[in-house]
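Heads up: the structure comes next, in structure tokens.
Chain A is the first sequence line, chain B the second, and so forth, proteins listed ahead of strands; every chain is numbered from 1.
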Protein chains: 2
Amino acid sequence: MPPRKSTDDLKEVIRDFRRDQVIDVARRLFGERGTTEVSMDEIAAEAGVARSTVYVYFANRDELLRACLKGMHNQLLDDIAESWEQDAEPAHRLERLIKGMLQRIDADPAFFRLALMAQGSVSQGGEAVGTELALISLNIARLIADLYADGVAQGSFRDVDPDKATSLIGQQIYGAMSVRAGEPLPEPPAMVAAEVCAFILHGLST
Amino acid sequence: MPPRKSTDDLKEVIRDFRRDQVIDVARRLFGERGTTEVSMDEIAAEAGVARSTVYVYFANRDELLRACLKGMHNQLLDDIAESWEQDAEPAHRLERLIKGMLQRIDADPAFFRLALMAQGSVSQGGEAVGTELALISLNIARLIADLYADGVAQGSFRDVDPDKATSLIGQQIYGAMSVRAGEPLPEPPAMVAAEVCAFILHGLST
DNA sequence: CCCGCATCGGACACCCTGTCCGAACTCACG
DNA sequence: CGTGAGTTCGGACAGGGTGTCCGATGCGGG
């Protein structure tokens with residue numbers, strides 16, 4: 001087996017390119033009409049390939065859905081990582097984190113609704129779609145945990161069980177994102193992020 | 001058309017009974033394996049009726065799903081209404097509200113996961129399943145709004161835009177419920193409710 | 001020029017939905 | 001007791017989706 005590296009690499013690039021092509025279409029259609037309402041025929045047609053070709057790249061519908069989620073996961077992490085290092089102040093990081101996620105939703109609300117729906121499927125057949133979403137949650141949770149620990153260390157956050165605090169913060173963010181994913185005409189992300197962040201910091205206390 | 005009241009009433013009772021029989025089975029199966037993974041055949045078989053008979057009671061799969069959600073909605077409202085009048089103190093009402101919802105989840109976690117999944121479907125075909133869930137949200141939101149207004153009136157809550165405050169509180173509760181619906185071995189609802197409530201009241205502030 | 005490879009397109013078996021209808025059963029009424 | 005209305009059953013049916021398979025086609029590199 002001779003190296004033949006460049007050729008094989010090219011093939012792989014092409015393969016990835018086509019894969020992404022299908023994923024993009026699937027993500028759009030899933031987002032627009034829901035994962036259950038789009039047939040593989042439609043995806044294939046819209047992507048300009050034969051249905052059987054789609055099955056060359058993805059074993060089945062589930063795997064395609066998982067690939068869609070993975071793509072979104074990566075974009076989300078990129079978005080957040082970008083702004084993460086710009087400010088080490090915990091409260092600011094929190095606000096940036098929230099703003100980043102809201103912006104990601106705004107960039108493709110349909111896609112995020114897709115994620116929410118998949119969230120539902122997770123608890124179901126148990127299929128591997130769940131693992132994709134669990135990864136996202138884990139990554140975000142880690143960021144929150146770090147940020148909280150920093151805040152406690154410098155005395156700006158109340159010191160309670162870190163796991164509980166992380167969970168509660170995460171829940172608030174999750175709720176905020178869910179609502180926004182459904183809202184037709186959302187307010188500016190920066191403003192919402194500021195409100196959510198303020199609420200997390202102070203709650204209803206006078 | 002003679003009155004014949006008692007007979008017709010009886011028929012209606014029987015009809016409702018059978019309907020509920022199917023709904024119970026459907027709710028269980030939907031909860032266990034997800035709404036998309038259960039066929040009408042299975043539901044009918046498990047309920048001990050012919051598939052065609054199910055279609056006598058429900059026009060289609062969607063209507064059956066909606067009926068399942070409506071049932072859960074009513075149970076939830078009953079649960080909450082029960083404890084609502086026991087204490088007029090806003091903070092206590094909030095905690096009771098949260099506890100009530102957590103208990104409902106614990107009573108039938110599978111069912112709540114079903115609701116979450118349907119939440120996803122809402123944004124999809126747009127079918128009337130959404131209206132069922134929207135009703136639930138509305139009812140809860142009204143309770144929260146009342147409670148918040150009381151708290152502000154008596155000076156125990158910060159006075160901000162009531163809509164925003166209601167929304168933020170609702171988001172926190174929504175997140176907490178979502179997490180709990182997925183947790184395998186949750187802590188006592190009362191304890192979790194207290195934590196969530198405390199977080200809403202004070203946030204991270206020292 | 002020819003081989004390998006990706007793609008195509010269509011046939012296939014299987015499953016699910018929603019509709020329909022005739023047959024059997026139940027039960028209240030005359 | 002007989003009759004008729006209403007209910008259920010079971011199965012047939014069309015339509016549509018999934019996932020598999022395979023022969024045909026086209027293309028690019030050696």
Side-chain angles (χ1 to χ4, degrees), chain A residues 1-23 25-26 29-30 32-68 121 124-125 127-129, chain B residues 1-23 25-26 29-30 32-68 121 124-125 127-129:
Chain A
M1 50 183 80
R4 188 99 62 96
K5 198 153 176 284
S6 68
T7 305
D8 285 0
D9 279 3
L10 178 61
K11 279 189 190 299
E12 195 152 333
V13 167
I14 291 178
R15 192 183 162 82
D16 283 0
F17 180 80
R18 297 220 114 133
R19 242 183 92 97
D20 287 349
Q21 196 176 340
V22 174
I23 290 176
V25 170
L29 292 183
F30 282 158
E32 283 171 6
R33 310 217 308 277
T35 59
T36 59
E37 305 302 316
V38 180
S39 71
M40 298 294 270
D41 287 87
E42 283 178 279
I43 296 170
E46 197 90 1
V49 299
R51 193 165 64 96
S52 52
T53 305
V54 175
Y55 280 99
V56 170
Y57 290 110
F58 307 94
N60 51 41
R61 190 191 186 68
D62 247 46
E63 193 173 304
L64 175 54
L65 177 54
R66 239 175 302 144
C68 290
S121 326
Q124 299 177 10
E127 302 315 329
V129 168
Chain B
M1 48 184 84
R4 187 97 67 94
K5 197 152 176 283
S6 70
T7 304
D8 285 0
D9 278 4
L10 178 62
K11 277 187 191 302
E12 195 153 330
V13 168
I14 291 179
R15 195 183 159 80
D16 282 0
F17 180 80
R18 296 219 116 132
R19 241 183 93 96
D20 287 349
Q21 198 175 340
V22 174
I23 291 175
V25 170
L29 292 183
F30 281 159
E32 282 172 5
R33 313 218 305 278
T35 60
T36 59
E37 304 302 316
V38 180
S39 71
M40 297 296 267
D41 286 88
E42 283 178 279
I43 295 170
E46 196 91 1
V49 298
R51 190 166 65 97
S52 51
T53 305
V54 175
Y55 279 99
V56 170
Y57 290 109
F58 306 94
N60 51 41
R61 189 192 186 67
D62 246 45
E63 193 173 304
L64 174 55
L65 178 53
R66 239 175 300 143
C68 291
S121 325
Q124 301 177 6
E127 301 316 327
V129 168

For a quick check of understanding: with a heavy-atom distance under 4.0 Å over all strands, which category does Tyr57(B) fall into, base, sugar-phosphate or nothing? sugar-phosphate
Given atom CG of Asp41(A) and atom P of dC8(C), what is their separation to the nearest angstrom? 14 Å
Rounded distance (Å) that lies between atom C1' of dG19(D) and atom CD of Glu63(A): 13 Å
Donor-acceptor check, side chain of Glu42(B) to backbone of Ser39(B), threshold 3.5 angstrom: yes or no? yes
For the helix from dC1(C)-dG30(D) to dG30(C)-dC1(D), figure out the bend between the end axes, five pairs an end, and round to 10 degrees. 10°
Rounded to the nearest Å, what distance is computed from the CG atom of residue Asn60(B) to the P atom of nucleotide dG15(D)? 19 Å
Audit row: Arg61(A), Leu64(A), side chain to side chain contact (heavy atoms under 4.5 Å, CB included) steps and yes/no: CA-CA 5 Å; Arg61(A) 190 191 186 68; Leu64(A) 175 54; 5.8 Å; no
Give the rounded distance in Å between these two atoms: CD of Glu37(A) and P of dG16(D). 15 Å
Show the distances under 3.5 angstrom between N or O atoms of the protein and N or O atoms of nucleotides 9-11 of chain C.
unit_1	atom_1	unit_2	atom_2	d
dG9(C)	N7	Ser52(A)	OG	3.0
dG9(C)	O6	Ser52(A)	OG	3.0

Taking atom P of dG6(D) as reference, at what distance in whole Å does atom CZ of Arg15(B) sit? 13 Å
Sequence neighbours excluded and cut-off under 3.5 Å, please list the side-chain donor-acceptor pairs for residues 43-58 of chain A, or say none.
unit_1	atom_1	unit_2	atom_2	d
Glu46(A)	OE2	Arg28(A)	NH2	3.0

In whole angstrom, what separates Glu42(B)'s CD from dC15(C)'s P? 12 Å
Interatomic distance where CG belongs to Leu64(A) and C1' belongs to dG17(D) [whole Å]: 15 Å
Could you give the distance from CG (Leu29(A)) to OG1 (Thr35(A)), rounded to the nearest 0.5 Å? 12.0 Å
Whole-Å distance separating the CD1 atom of Ile43(A) from the P atom of dG16(D): 18 Å
